[in-house]
Amino acid sequence: MVNQESQFATAQGSVAFLLVYTKYFGIMIKPFKKPIFVTRPFLPPIEEFSAGLQEIWDNQWLTNEGPVLQRFSRQLSQQCDTDNVCLFTNGTLALQIGLQGLGITGEVITTPFTFVATTHALYWNKIRPVFVDIEPDYYTLDPDKVEAAITPWTTAILAVHVFGYPCKLDELADIARRHNLKLIYDAAHAFGVTVDGKQISHFGDMSMFSFHATKLYHSLEGGMLIFQDDGLKSTFDYLKNFGFKNEVEVVMPGTNAKMNEMQALMGILVLKHLDDLIEKGRVIEAMYRERLAEVPGIHFPPELTANIRYNYAYMPIEVNEKEFGMSRDMLYEKLREYNVFARKYFYPLVTDFACYKNVQTRDSLTVANGVADRILCLPTYYDLAIDSIERICEIIIKSSSGI
Ligand SMILES: *Cc1c(COP(=O)(O)O)cnc(C)c1O
């Protein structure tokens, strides 16, 4: 870390020079030998995982609220400062069950700028998604548009902390309270984010977290619900285990969405490194921002306010074709030529997928459509080397025409 920081500091002064030099004198940029993906899962030392496996072998208990899962659950309770924690085999099932357990029906106001599972979870509950636009800074649901979309059938707002950026929490809470709607957050990207010193899970009636391998924090696969109403705990426990209350009583038509012991073990081992992963992401983001600050047509989200502790899970930029001289799609292809696999999150919008194309949408989704055409997530993960970031930035600079 110290090493990375100092390299970063000494390089700061030469940014402008590098821009001009790279552009006009065309330093030969070599493609990466191995592909650089948008993310890479952190893996704990394999000896630690083996030791944990030995414990599971000794227990001969592989799933169904085993001892490792119980330990994991207690750690997450502590981390999120609540007893209302329920673990699932993945985030999608967590959200599906969450919506069902809360009794959400009718219409739910949600965003088209998300991973498609947000909408699928509504669909599986036979809930009609009502898509409204996002705000342009952090791509989260625009509270100003939410109110206009409320109908007598609206029962909830399902907002997404896109890329880990907190939604407009106060505004959404105010609308939900005034209209007696449940406020649910898809916090799949937001594990570890705090606002005013409180975990992001503190806000709204319920938050879903995904611990999928591609997320900043993972448990191989996994999902978690954090919720305010103590009474929901047993409902979620029943729903994820076929509705079993005990050996002979089934109290509701549940499904199977339990987290197993191997997942919980991975979750425990990665949790120890969460702060370090966040810190590495912080350094990487600072470097991208510094290196690309002067490049016309490359725009970053505004710096977050000091009350937010961000998790640096993603590194989104927007490419303005006119200013940059190349479209987002062309830059994406250009990066691929160098073996860099940036991702167009979230393009296409959910509303453009075949299965949701026919959902009637009154909002014109102007901001979301624009962002979907300009957005590109650059690689960021704990061991992305400083000189790899340099090289990715050089490719971007070389691709620009405005300097
Ligand atoms: C990853 C993700 C999900 C789904 O989580 P899984 O654990 O993969 O099922 C839902 N919503 C968003 C925004 C996601 O990024």
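For ligands, and for the atoms within them, numbers begin at 1 and follow the listed sequence.
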For [X], counting its heavy atoms only, list the atoms of ligand 1 lying under 4.0 Å from any of them.
X: Ser210; answer: 1 (C), 5 (O), 6 (P), 7 (O), 8 (O)
X: Thr118; answer: 11 (N)
X: His212; answer: 7 (O), 8 (O)
X: Gly222; answer: 7 (O)
X: Thr114; answer: 13 (C)

Compute the shortest N/O to N/O distance between Gly91 and ligand 1 and return yes if it is under 3.5 Å, no if not.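 Yes, there is a polar N/O contact under 3.5 Å.
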If you count heavy atoms of other groups shown closer than 6.0 angstrom to [atom1] of [X], is the number above 12?
X: Gln60; atom1: CD; answer: no
X: Asp58; atom1: CG; answer: yes
X: Asn307; atom1: CG; answer: yes

Residue, atom name and distance, where the atom is the protein heavy atom closest to [atom]:
atom: atom 3 (C) of ligand 1; answer: Phe115 CD2, 3.7 Å
atom: atom 1 (C) of ligand 1; answer: Lys215 NZ, 1.7 Å
atom: atom 4 (C) of ligand 1; answer: Thr92 OG1, 3.4 Å
atom: atom 11 (N) of ligand 1; answer: Asp186 OD2, 2.7 Å

Which atom pair, heavy atoms only, marks the closest approach of Asn260 to Met262?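 Looking at all heavy atoms of both residues, the shortest contact is OD1-N, 3.0 Å.
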Can you measure from CE (Met330) to CG (Leu335) and round to the nearest 0.5 angstrom?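 That separation rounds to 12.5 Å.
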Rounded to the nearest 0.5 Å, how far does NE2 of His218 lie from CG of Leu277?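 Reported to 0.5 Å precision, the distance equals 8.5 Å.
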Determine whether any heavy atom of His189 lies closer than 4.0 Å to an atom of ligand 1.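 True for this residue.
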If the contact criterion is a heavy-atom separation under 4.0 Å, does Ala121 count as touching ligand 1?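 Per 4.0 Å heavy-atom rule, Ala121 does not contact ligand 1.
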Quick one: is the NZ or CZ of Lys344 closer than 6.0 Å to the six-membered ring centre of Tyr332, and within 45° of its axis?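 Yes, Lys344 and Tyr332 form such a contact.
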Thr110 side chain vs Phe131 backbone, donor-acceptor pair below 3.5 Å: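 Looks like no, no N/O pair under 3.5 Å.
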